[in-house]
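Scroll down for the structure; my scribbles are underneath it.
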Amino acid sequence: MAASALLLLLVLPAGTWPSLGLPRRQCVHCCHPAWPPAAPGSYAPENDGEEWVQLPRIRPTIDISILKGEKGEAGVRGRSGRSGKEGPPGFRGLQGRKGQKGQVGPPGAPCQRAYAAFSVGRREGLHSADAFQAMPFDTELVNLDSAFDLASGHFFCAVPGVYFLSLTVHTWNYKETYLHIMCNKQATAVLYAQPSERSVMQTQSLLLPLAAGDTVWVRMFQRDRDNAIYGEHGDLYITFSGHLVKPTTEL
């Protein structure tokens, strides 16, 4: 019976198979899987009347703490890296608290100021000669560091700066008085009085900048007229004075 049924199926044409009520299945090669493959977790129905059923998706969970081992020992410290580039300056911080008062320091050196001064006089009168002549002096009133030479009548500047100079003389009756205050070889100021029947006191003063090595002296004019200054041993009529007002280092 079975053999006759098998022969019947083979003889029948392919178009008559659906009318026999045989189940229809997809033809699958034994050496190749069905395409497209079914999605994981899904079930493909065997016939059109069977519904698709979505199977639950299972994801395995592994507890990593179980697999984590014990903490190892600290390793050897590596070499220091190179210094980085200097960054931009930061903002100014807040002002700190006022510190405690420090101890008193040792006393400092005394302030050293430069001094220079002279004041000299002449008690004997002086008459002019055929040539210019420097006026010598015979009386020393003040002569710091011996900077003024009485015999030559010259003050030698050792401290440069601004000096105040003053010359005072007594004129001679009926004679002319003609003197210059000299700086080196240059006349800086003149003291002059015309001939008169009465003698008077004449004064000339000035401020003069002097450099180290400059000389200041009084020159009597050469004989043009009868030129003279009066003096006597009892009183001091002729004086020449000068002092440093401010040294160059403080200007």
Side-chain angles (χ1 to χ4, degrees), residues 112-251:
Q112 297 181 355
R113 293 197 60 185
Y115 294 95
F118 69 91
S119 183
V120 294
R122 181 181 174 91
R123 298 183 182 276
E124 185 178 355
L126 184 65
H127 291 264
S128 61
D130 293 336
F132 294 110
Q133 60 177 323
M135 181 189 299
F137 294 86
D138 52 27
T139 303
E140 182 181 289
L141 302 175
V142 174
N143 191 8
L144 297 183
D145 299 327
S146 300
F148 196 96
D149 182 63
L150 294 176
S152 64
H154 285 67
F155 167 74
F156 299 91
C157 177
V159 182
V162 177
Y163 283 76
F164 175 79
L165 303 173
S166 177
L167 174 64
T168 300
V169 299
H170 191 284
T171 64
W172 204 304
N173 294 350
Y174 302 105
K175 294 183 180 181
E176 186 180 46
T177 301
Y178 196 178
L179 304 169
H180 285 108
I181 298 177
M182 305 290 294
C183 178
N184 300 325
K185 296 182 178 181
Q186 182 178 0
T188 59
V190 61
L191 188 153
Y192 180 78
Q194 291 181 344
S196 174
E197 61 181 7
R198 297 181 60 183
S199 60
V200 294
M201 298 292 295
Q202 291 284 98
T203 300
Q204 178 64 282
S205 60
L206 73 159
L207 285 169
L208 190 65
L210 298 179
D214 286 347
T215 58
V216 177
W217 50 288
V218 179
R219 185 185 69 178
M220 175 166 278
F221 201 74
Q222 62 189 4
R223 183 187 299 273
D224 185 16
R225 298 181 182 179
D226 196 3
N227 182 18
I229 52 176
Y230 177 79
E232 61 182 38
H233 294 283
D235 296 320
L236 187 63
Y237 290 99
I238 306 167
T239 59
F240 183 38
S241 304
H243 66 272
L244 176 65
V245 177
K246 199 168 188 177
T248 304
T249 55
E250 299 180 10
L251 294 178

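Here, residue 1 is the first one in the sequence, and each next residue gets the next number.
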Taking the side chain from [X] and the backbone from [Y], do they hold a donor-acceptor pair closer than 3.5 Å?
| X | Y | result |
| --- | --- | --- |
| Gln204 | Val190 | yes |
| Arg122 | Gly231 | no |
| Ser205 | Ser166 | no |
| Thr215 | Phe156 | no |
| Asp214 | Cys157 | no |

Next on the checklist: Check for me whether the distance between the ring centres of Phe155 and Tyr163 falls short of 6.0 Å.
Outcome noted: yes
Next on the checklist: Ring centroids only, cut at 6.0 angstrom: are Phe118 and Phe240 within range, meaning strictly under it?
Outcome noted: yes
Locate the shortest heavy-atom distance separating [X] from [Y]; write the atom from each residue and the value.
| X | Y | result |
| --- | --- | --- |
| Thr139 | Arg123 | OG1-NE, 3.4 Å |
| Trp217 | Ala134 | CE3-CB, 3.7 Å |
| Tyr115 | Leu144 | CB-CD1, 4.4 Å |
| Thr248 | Gly161 | OG1-N, 3.2 Å |
| His243 | Ala117 | CB-CB, 3.8 Å |

Student check: side-chain heavy atoms of [X] and [Y] closer than 4.5 Å:
| X | Y | result |
| --- | --- | --- |
| Thr188 | Leu206 | yes |
| Gln222 | Gln133 | no |
| Leu150 | Asp138 | no |
| Val120 | Asn143 | no |
| Leu208 | Cys183 | yes |

Item to check | side chain to side chain contact (heavy atoms under 4.5 Å, CB included) evaluation trace for Glu140 with Phe148 | outcome: CA-CA 9 Å; Glu140 182 181 289; Phe148 196 96; over 6 Å; no
Side chains of [X] and [Y] only: does a donor on one sit below 3.5 Å from an acceptor on the other?
| X | Y | result |
| --- | --- | --- |
| Ser119 | Ser241 | yes |
| Ser199 | Thr171 | no |
| Glu176 | Tyr192 | yes |
| Asp149 | Ser152 | yes |

Rounded to the nearest 0.5 Å, how far apart are [atom1] of [X] and [atom2] of [Y]?
| X | Y | atom1 | atom2 | value |
| --- | --- | --- | --- | --- |
| Gln186 | His180 | CD | NE2 | 11.0 Å |
| Leu167 | Leu191 | CG | CG | 5.5 Å |
| Asp226 | Trp172 | CG | CH2 | 9.0 Å |
| Tyr178 | Phe221 | OH | CZ | 4.5 Å |

Checklist entry - How far apart are the C-alpha atoms of His127 and Met220, what are their side-chain angles, what is the distance that settles it, and do they pass the side chain to side chain contact (heavy atoms under 4.5 Å, CB included) test? => result CA-CA 8 Å; His127 291 264; Met220 175 166 278; 5.7 Å; no
Checklist entry - For Phe132, is the NZ or CZ atom of Arg219 found under 6.0 angstrom from the centre of its six-membered ring and inside 45 degrees of the ring axis? => result yes
Item to check | Over 12 foreign heavy atoms within 6.0 Å of CG, Asn173 | outcome: yes
Item to check | Flag if over 12 foreign heavy atoms under 6.0 Å of CD, Gln194 | outcome: no
Item to check | Test log, rule side chain to side chain contact (heavy atoms under 4.5 Å, CB included), inputs Met135 and Ile238 | outcome: CA-CA 11 Å; Met135 181 189 299; Ile238 306 167; 4.0 Å; yes
Next on the checklist: Would Thr177 and Gln202 count as a side chain to side chain contact (heavy atoms under 4.5 Å, CB included) here? Give the steps.
Outcome noted: CA-CA 9 Å; Thr177 301; Gln202 291 284 98; 5.8 Å; no
